[in-house]
Peer 1: 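Just passing along the structure, written as C-alpha cells.
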Amino acid sequence: MSIFSEVPQAPPVAVFKLTADFREDSHPQKVNLGVGAYRTDECQPWVLPVVKKVERLIVEDSSLNHEYLPILGLPEFRSASSKVALGDDSPAIKENRVGAVQALGGTGALRIGGEFLRRWYNGTNNTATPIYVSAPTWENHNAVFADAGFKDIRPYHYWDGAKKGLDISGLLDDLEKAPEASVFVLHACAHNPTGTDPTQDEWKQIAEVMKRRNLFVFFDSAYQGFASGSLDKDAWAIRYFVSEGFELFVAQSFSKNFGLYNERVGNLTVVAKDNENLTRILSQMEKIVRTTWSNPPSQGARIVSKTLNCPELFAEWKGNVKTMADRVLLMRDQLKAKLQALGTPGTWDHITQQIGMFSFTGLNPKQVEYMIKEKHVYLMASGRIKCVV
Amino acid sequence: MQSRRASRAGALKHSEKITKPSVFVDTHAAASNQEAKSLFAFKTDDDVRKVYLAGREYLNEQGQPYVSPFIGKIKRRLSSDQTLGSPHPSSFGLAEFNHRATEAVLGKKSSAIVENRVLGIQTVGFTGAVRLGAELLRHWYNGDTACQGPVYLSSHCDDSLAGVFQAAGMPDVRQYRYWDAGRRGVCVDGLLQDLETAPERSVVVLSASAHPTGADLSREHWALIARLMMRRQLFPFMLLPVAGLCHGELERDAWPVQYCQSLGMELLCAQSFSHCFGLYGEHVGHLLCVLRQSSVLLAVRSQTERLINALWAQPPVGGARIVATVLSNPAHRAEWQEGVWHMAARCMLVRERLREKLRLLGTPGCWDHLTQQTGPYCCTGLNVEQVEYLSKRKHVYVLPNGCLNVSAVNSCNLDYVTEALHEALSAEPLS
C-alpha cells in the first residue's frame with residue numbers, strides 16, 4: 001500500500017489546462033488568449049534584442065566566476081532592480097533603508113515576503129493576521145500566501161462588473177473595515193486579470209486610509225514598463241506610497257518586461273523605516289531563503305543586472321519594452337475598432353480604457369464556452385483575454 | 001515641486017519616527033549560521049597563508065570552482081542556437097532533463113520506471129529538492145494532512161537540513177548516530193539501534209553517497225538498514241548532493257537508491273548536478289519520487305504541482321538544458337564523463353597525499369579513513385578547540401564539526417595544511 005494512497009487529485013491549474021487543451025486542438029485557426037506571455041505578430045515568443053546581446057556578452061566573459069551566488073542573490077542585480085521600482089533619486093534609497101532579496105520570479109518574491117510577514121511582522125506569528133487580495137486577483141496569490149502559513153486570506157472589492165471598472169468605494173470601505181495591521185496585496189500597475197488600475201487620485205485615497213488604519217502594503221509589480229510603456233509612469237503608485245513614508249514590500253518580476261519567463265528572475269524590494277530595521281529584516285529573510293532554495297540561480301539575474309547597470313543597454317531595454325507596450329496598445333485599439341465595426345452588442349470602451357496585457361471582456365461563462373468550443377478561441381472562464389496575439 | 005514634496009515627505013517621516021515605531025520592531029536579528037561566520041572570518045583574515053577548506057563546491061587544482069571547457073563549449077553553442085524556442089513552461093521543469101536525471105539515479109531498466117510509478121521533478125538546486133520533498137511529506141504522508149515528523153537526520157549532517165524540514169512545517173527533527181569518532185567511520189550498531197527505536201513511519205534521511213564526513217555506508221550496511229526500515233515502516237529520503245563525484249559515475253553513486261527501489265520500497269531522493277557539471281550558479285536540482293503503485297501517480301503529481309506553484313512556480317531552465325543536452329547525446333556524454341572521472345580521481349589523489357603527509361609528520365591519530373573514503377568531503381576528527389586553533393592560529397578554516405572539502409587542498413597549500421593539522425592535533429588546547 002503506498003503511503004500516498006490517500007492523496008486526492010488536485011484540480012488542474014486553470015490557465016495551464018487551457019493551454020494544454022489549446023495544444024491538442026487541431027483547428028487551423030485556433031488562438032490562445034489565455035496564458036500571460038507576450039507574443040509577436042507571428043504568434044511567437046519574443047526574445048528581446050537586448051537580451052540576446054547581453055546573453056552573448058555573458059557567455060564570452062571568461063572572467064565571470066561560476067560559484068554559488070550569495071543567499072540574498074547578486075548584489076548588483078538587487079540594487080539595480082530596486083532602483084528601477086523606486087526611481088534613481090528615491091529618498092528611501094539615499095537614506096539607506098532599501099534592501100532586496102533576489103527571488104525565483106515574482107512567485108518566489110511573494111513567497112519569501114509572505115513567509116517573512118507570517119513570522120516577523122507586527123510582533124511575531126501572524127498565521128491569524130488577515131491578508132487581503134483583490135477580487136478578482138491572479139489565481140496563484142491565494143496558494144502562495146496559504147502555503148506561507150496565512151490562515152485568513154480575504155478578498156477586497158476591486159472589479160465592478162456592472163460599470164466595468166474599479167469599485168473604488170467598495171475598496172475604500174474594505175480598507176476602513178479591515179482589522180488594523182492587516183496586509184493588503186496591491187497590484188502596482190496593469191492589474192491582473194482586469195487590466196483596471198486606480199487613478200492617481202484613487203491611489204491617494206487608498207494611501208490615506210491605509211496609513212490611518214496601519215495596514216501593511218505589499219505591492220505585486222509584474223508589469224513595470226509593460227503597461228504604459230514608461231517605467232516611471234508604471235511605478236508611480238509605488239513611489240507615491242514610499243514618499244508618504246510607508247514601510248512596504250514590492251515583489252518584482254522580470255519575466256514579462258525582459259521576456260525571461262524561463263530564467264525565473266524576481267526581486268523582493270524592502271523599504272524599511274531605517275537601516276537598523278532593514279538589517280534585521282534582511283537577516284531573517286536570509287534564513288528563510290536558506291531553507292527554501294539556499295541561493296538563487298545566476299543566469300537571469302546576470303542578464304538583468306548587466307542591462308540595468310549599463311546606460312546604453314538600459315536605454316535599449318527601455319526601447320524594447322516600449323515596443324511591446326505599444327503593440328499591446330495597438331492591439332487594444334484594433335480589437336475595439338473591429339468589435340464596433342461588426343456591431344457587436346455591448347460597449348467596448350473598456351478594452352482601451354484598461355491597461356496592460358489583460359482585458360476583462362465581460363463575457364459570461366456560457367459565452368466563453370462558445371468561444372472555445374465553436375470558435376477555437378481560448379480564453380479564461382472569467383472572460384479574461386490576453387490583448388496581444 | 002520635487003524639492004517641496006521631498007521636504008514635506010521628510011517632515012512627515014520625522015513625525016512618524018516619533019509617533020509610530022516600525023512594524024518590524026520585534027524582528028530579531030537572525031543569528032548567523034556557522035558556515036557564514038566561518039566564511040566571514042576567512043574573508044576578513046589578512047594572513048597570506050589562509051586556506052578555506054569549508055566550502056561545498058568542488059575546486060580544481062588552481063583553487064577555482066571547476067568548469068570543464070567542454071561545458072563552456074556547450075553553453076556557447078546553446079546560447080547562439082537560434083532554433084531553440086522557449087520551452088513550454090512547466091512547474092516540473094524540462095522534461096528531457098527529468099527523464100535523464102531519473103534514469104541516472106534508477107538505471108534505465110528500473111522496474112519502477114517501466115511500471116510508470118516514478119515522478120521526476122527539476123527543482124531549484126539541492127535545497128529546493130529537499131524542501132519540495134519535505135513539503136510533500138508534510139502535506140500528504142500517510143493521509144496526514146499535517147505531518148509534523150519525526151524526521152531523522154544523521155549526526156554530522158549539513159546544518160541547514162534541519163532548518164529546511166522545519167521551514168516546511170515538520171518541526172520534529174531528531175538525530176540518529178552516524179559518525180563514530182573513535183573508529184573514524186560509520187557507527188553502524190548505533191545507527192541500527194536508533195532506527196529500531198524510532199517511532200514507526202518516521203522519515204529517515206540517508207546519504208546515498210558523499211556524506212559530509214566522507215563515511216558512506218557499505219552494501220552490507222544498506223542490506224541491514226533496508227530490511228530494518230521495511231520492517232518498521234520507516235520512510236527513506238535519500239540524498240545525493242554531489243552526484244557522480246564519489247565513484248566518478250552517476251549510476252554508481254546512486255546504487256543505494258536502486259537497491260532500495262529493487263526491494264519495492266517507496267522513497268524520495270534529492271540530487272544535485274551542480275558539482276559534476278560545474279553549474280553552481282544555475283542550481284540544477286532534481287527530486288525523485290518512487291511510488292509503490294502507479295495508481296497514485298497522477299494524484300501525487302497534481303499535488304506536487306500545487307506545492308511548486310506556491311514556492312517558485314517553475315525552475316530556471318538554463319542549467320537543466322545544458323545537463324539534458326549532454327546526457328542525451330552519447331558523444332557529449334562520453335566527453336563529459338571523462339571530466340567527472342577526473343574530478344573523482346583528483347579527490348582520491350588529494351586524499352592519498354594528505355594521508356601520506358600526515359603519516360610522515362607523525363601526526364597523532366589514524367588516517368586510514370582518508371583513503372578508505374571517496375568523494376570530496378571528509379571528517380578530520382578535530383574537536384571544537386582544535387578547529388578553533390586551526391583557524392585562529394594557522395588561518396586554516398574547516399567546518400566546526402571538523403569536516404572539510406578535500407578538493408580545496410592542492411599542491412600549493414598541501415604542505416601548509418598538513419603542518420597546520422599536525423600542529424592543531426598536537427597542540428595544547430587554547431585557553
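Values reported hereafter were calculated over all heavy atoms of this structure, with side chains retained and with hydrogens, waters and symmetry mates removed. Quick note on labels: first sequence line is chain A, next is B, and so on, each numbered from 1.
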Peer 1: Please determine whether a side-chain nitrogen of the Lys or Arg among Lys17(A) and Glu305(B) lies less than 4.0 Å from a carboxylate oxygen of the Asp or Glu.
Peer 2: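 Not counted as a salt bridge, because no side-chain N and carboxylate O are separated by less than 4.0 Å.
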Peer 1: Identify which part of Gln233(B) has an atom lying under 4.5 Å from any heavy atom of chain A, answering side chain, backbone, both or neither.
Peer 2: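 No part of it gets close to chain A.
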Peer 1: Name the region of Pro11(A), side chain, backbone, both or neither, that has any atom closer than 4.5 Å to a heavy atom of chain B.
Peer 2: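 Interface part for Pro11(A): neither.
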Peer 1: More than 12 heavy atoms of other residues, nucleotides or ligands under 6.0 Å from NZ of Lys94(A): yes or no?
Peer 2: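 Yes, enclosed.
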Peer 1: Within the side chain of Thr127(B), is there an N or O that forms a donor-acceptor pair under 3.5 Å with the backbone of Trp293(A)?
Peer 2: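 No; zero donor-acceptor contacts below 3.5 Å.
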Peer 1: Let me know if Glu115(A) has heavy atoms under 4.5 Å from chain B in its side chain, its backbone, both or neither.
Peer 2: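 Side chain only.
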Peer 1: Is any side-chain heavy atom of Gln299(A) closer than 4.5 Å to a side-chain heavy atom of Pro316(B)?
Peer 2: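 Contact flag for Gln299(A)/Pro316(B) side chains = no.
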Peer 1: Is a side-chain N or O of Arg111(A) found less than 3.5 angstrom from the main chain of Ala310(B), in a donor-acceptor match?
Peer 2: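 Yes; at least one donor-acceptor contact below 3.5 Å.
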Peer 1: Hey, which of Gly125(B), Gly278(B), Ala31(B), Ala313(B) has the most heavy atom pairs under 4.5 Å with chain A?
Peer 2: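 Heavy-atom pair counts peak at Ala313(B).
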Peer 1: Identify which part of Arg119(A) has an atom lying under 4.5 Å from any heavy atom of chain B, answering side chain, backbone, both or neither.
Peer 2: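 Contact with chain B: side chain only.
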Peer 1: At a heavy-atom separation under 4.5 Å, does Leu117(A) approach chain B through its side chain, its backbone, both, or neither?
Peer 2: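 It is the side chain, since no backbone atom gets that close.
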Peer 1: Heavy atoms only: give me the nearest Val296(B)-Ser5(A) pair and the separation to one decimal.
Peer 2: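 Between these two residues, the closest heavy atoms are CG1-CA, 3.7 Å.
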Peer 1: Does Lys37(B) NZ have over 12 foreign heavy atoms under 6.0 Å away?
Peer 2: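 Counting neighbours around NZ of Lys37(B), more than 12 heavy atoms of other residues, nucleotides or ligands fall under 6.0 Å, so yes.
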Peer 1: Who wins among Glu282(B), Arg301(B), His283(B) for the most heavy-atom pairs under 4.5 Å with chain A?
Peer 2: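 Counting heavy-atom pairs under 4.5 Å, the top option is His283(B).
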Peer 1: Under the rule for ring pair (Phe, Tyr, Trp, His ring centres under 6.0 Å), what residues qualify as partners of Phe216(A), not counting sequence neighbours?
Peer 2: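 Ring pair (Phe, Tyr, Trp, His ring centres under 6.0 Å) list for Phe216(A), sorted by chain: Tyr121(A), Phe249(A), Phe24(B).
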Peer 1: Would you compute the distance between atom CG of Asp26(B) and atom CG of Asn277(A) and round it to the nearest 0.5 angstrom?
Peer 2: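 Rounded to the nearest 0.5 Å, the CG-CG separation comes out at 10.0 Å.
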Peer 1: To the nearest 0.5 Å, what is the distance between CG on Leu282(A) and OG1 on Thr27(B)?
Peer 2: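 Nearest 0.5 Å value for the CG-OG1 distance: 11.0 Å.
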Peer 1: Is the shortest heavy-atom distance from the side chain of Tyr68(A) to the side chain of Glu57(B) under 4.5 Å?
Peer 2: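 Tyr68(A) vs Glu57(B): side chains touch.
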Peer 1: Between Arg264(A) and Gln314(B), is there a donor-acceptor pair closer than 3.5 Å when you use the side chain of the first and the backbone of the second?
Peer 2: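 Confirmed, Arg264(A) side chain pairs with Gln314(B) backbone.
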Peer 1: What option among Lys287(A), His141(A), Gln9(A) has the most heavy-atom pairs under 4.5 Å with chain B?
Peer 2: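 Heavy-atom pairs under 4.5 Å are most numerous for Gln9(A).
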Peer 1: Atom OH of Tyr141(B) and atom CD1 of Ile3(A): how far apart are they, to the nearest 0.5 Å?
Peer 2: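 If I round to the nearest 0.5 Å, the distance is 5.0 Å.
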Peer 1: At what distance, to the nearest 0.5 angstrom, does NE2 of His139(B) lie from CG of Asp147(A)?
Peer 2: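 Those atoms lie 5.0 Å apart.
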Peer 1: Is chain A contacted by the side chain of Arg56(B), its backbone, both, or neither, given a heavy-atom distance below 4.5 Å?
Peer 2: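 When you check distances to chain A, only side chain atoms of Arg56(B) fall under 4.5 Å.
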Peer 1: Below 4.5 Å from any heavy atom of chain B, which atoms of Met1(A) appear? Answer side chain, backbone, both or neither.
Peer 2: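 Contact with chain B: backbone and side chain both.
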Peer 1: Pick from Ile288(A), Val144(A), Val265(A): which one has the most heavy-atom pairs with chain B under 4.5 Å?
Peer 2: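 Among the listed options, the one with the most contacts to chain B is Val144(A).
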Peer 1: Sort out for me which of Ala10(A), Ser298(A), Gly123(A) touches chain B most, counting heavy-atom pairs under 4.5 Å.
Peer 2: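 The option with the most such pairs is Ala10(A).
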Peer 1: Is a side-chain donor or acceptor of Gln303(B) paired with a backbone partner of Pro8(A) at a separation under 3.5 angstrom?
Peer 2: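 Pair found, side chain donor or acceptor close to backbone of Pro8(A).
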Peer 1: Main chain of Asn309(B), side chain of Asn140(A): is a donor-acceptor contact present, judged purely on distance under 3.5 Å?
Peer 2: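 Such a contact is found between Asn140(A) side chain and Asn309(B) backbone.
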Peer 1: Identify whether the distance between the nearest side-chain nitrogen and carboxylate oxygen of Glu263(A) and Arg321(B) falls below 4.0 Å.
Peer 2: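 Answer for the salt bridge query: no.
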Peer 1: Is there a side-chain contact between Thr291(A) and Gln166(B) (heavy atoms, below 4.5 Å)?
Peer 2: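 Not in contact.
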Peer 1: Side chain of Ser283(A), backbone of Ala30(B): donor and acceptor closer than 3.5 Å?
Peer 2: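 Yes: the side chain of Ser283(A) pairs with the backbone of Ala30(B).
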Peer 1: Using modelled atom types only, decide if a donor and an acceptor are shared between the side chain of Gln284(A) and the backbone of His28(B) within a distance under 3.5 Å.
Peer 2: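 Yes, Gln284(A) side chain to His28(B) backbone: donor-acceptor pair under 3.5 Å.
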Peer 1: Once rounded to the nearest 0.5 Å, what's the spacing between atom CD of Glu55(A) and atom OG of Ser79(B)?
Peer 2: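 Result: 6.0 Å between the selected atoms.
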Peer 1: In terms of heavy-atom proximity below 4.5 Å to chain A, should Val124(B) be classed as side chain, backbone, both, or neither?
Peer 2: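 It is both, since atoms from each part get that close.
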Peer 1: Of the backbone (N, CA, C, O) and the side chain (C-beta and beyond), which part of Tyr66(B) lies under 4.5 Å from a heavy atom of chain A, both, or neither?
Peer 2: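 No part of it gets close to chain A.
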Peer 1: Let me know if Val164(B) has heavy atoms under 4.5 Å from chain A in its side chain, its backbone, both or neither.
Peer 2: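 Both backbone and side chain.
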Peer 1: Please tell me if the side chains of Thr292(A) and Leu311(B) come closer than 4.5 Å, counting only heavy atoms from C-beta onward.
Peer 2: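 Contact flag for Thr292(A)/Leu311(B) side chains = yes.
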Peer 1: Below 4.5 Å, heavy atoms only, C-beta onward: do Phe4(A) and Leu137(B) meet side chain to side chain?
Peer 2: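 They are in contact (side-chain heavy atoms under 4.5 Å apart), so the answer is yes.
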Peer 1: With only heavy atoms counted, which part of Thr123(B) is less than 4.5 Å from chain A, the side chain, the backbone, both or neither?
Peer 2: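 Neither; nothing under 4.5 Å.
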Peer 1: Tell me, for Asn295(A) versus chain B, whether the close heavy atoms (under 4.5 Å) come from the side chain, the backbone, both or neither.
Peer 2: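 For Asn295(A), backbone and side chain are both near chain B.
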Peer 1: Say you draw a straight line from CD of Glu60(A) to CZ of Arg76(B); how long is it, rounded to the nearest 0.5 Å?
Peer 2: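 Here the interatomic distance stands at 6.5 Å.
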Peer 1: With only heavy atoms counted, which part of Leu298(B) is less than 4.5 Å from chain A, the side chain, the backbone, both or neither?
Peer 2: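 Contact with chain A: backbone and side chain both.
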Peer 1: Using the rule side-chain hydrogen bond (donor to acceptor under 3.5 Å, both in side chains), only one of Arg280(A), Lys273(A), Glu247(A) pairs with Ser22(B); which is it?
Peer 2: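 So, applying the side-chain hydrogen bond (donor to acceptor under 3.5 Å, both in side chains) to Ser22(B) and each of Arg280(A), Lys273(A), Glu247(A), only Glu247(A) qualifies.
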Peer 1: Heavy-atom cut-off 4.5 Å, strictly under: side chain, backbone, both or neither for Leu161(B) against chain A?
Peer 2: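 Neither part.
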Peer 1: Any side-chain heavy atom of Thr107(A) sitting closer than 4.5 Å to one from Trp312(B)?
Peer 2: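 A side-chain contact under 4.5 Å is absent here.
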Peer 1: Within the 3.5 Å criterion, strictly below it, is a donor on Ser2(A) or Glu266(B) matched to an acceptor on the partner's side chain?
Peer 2: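 Yes, a side-chain donor-acceptor pair sits under 3.5 Å.
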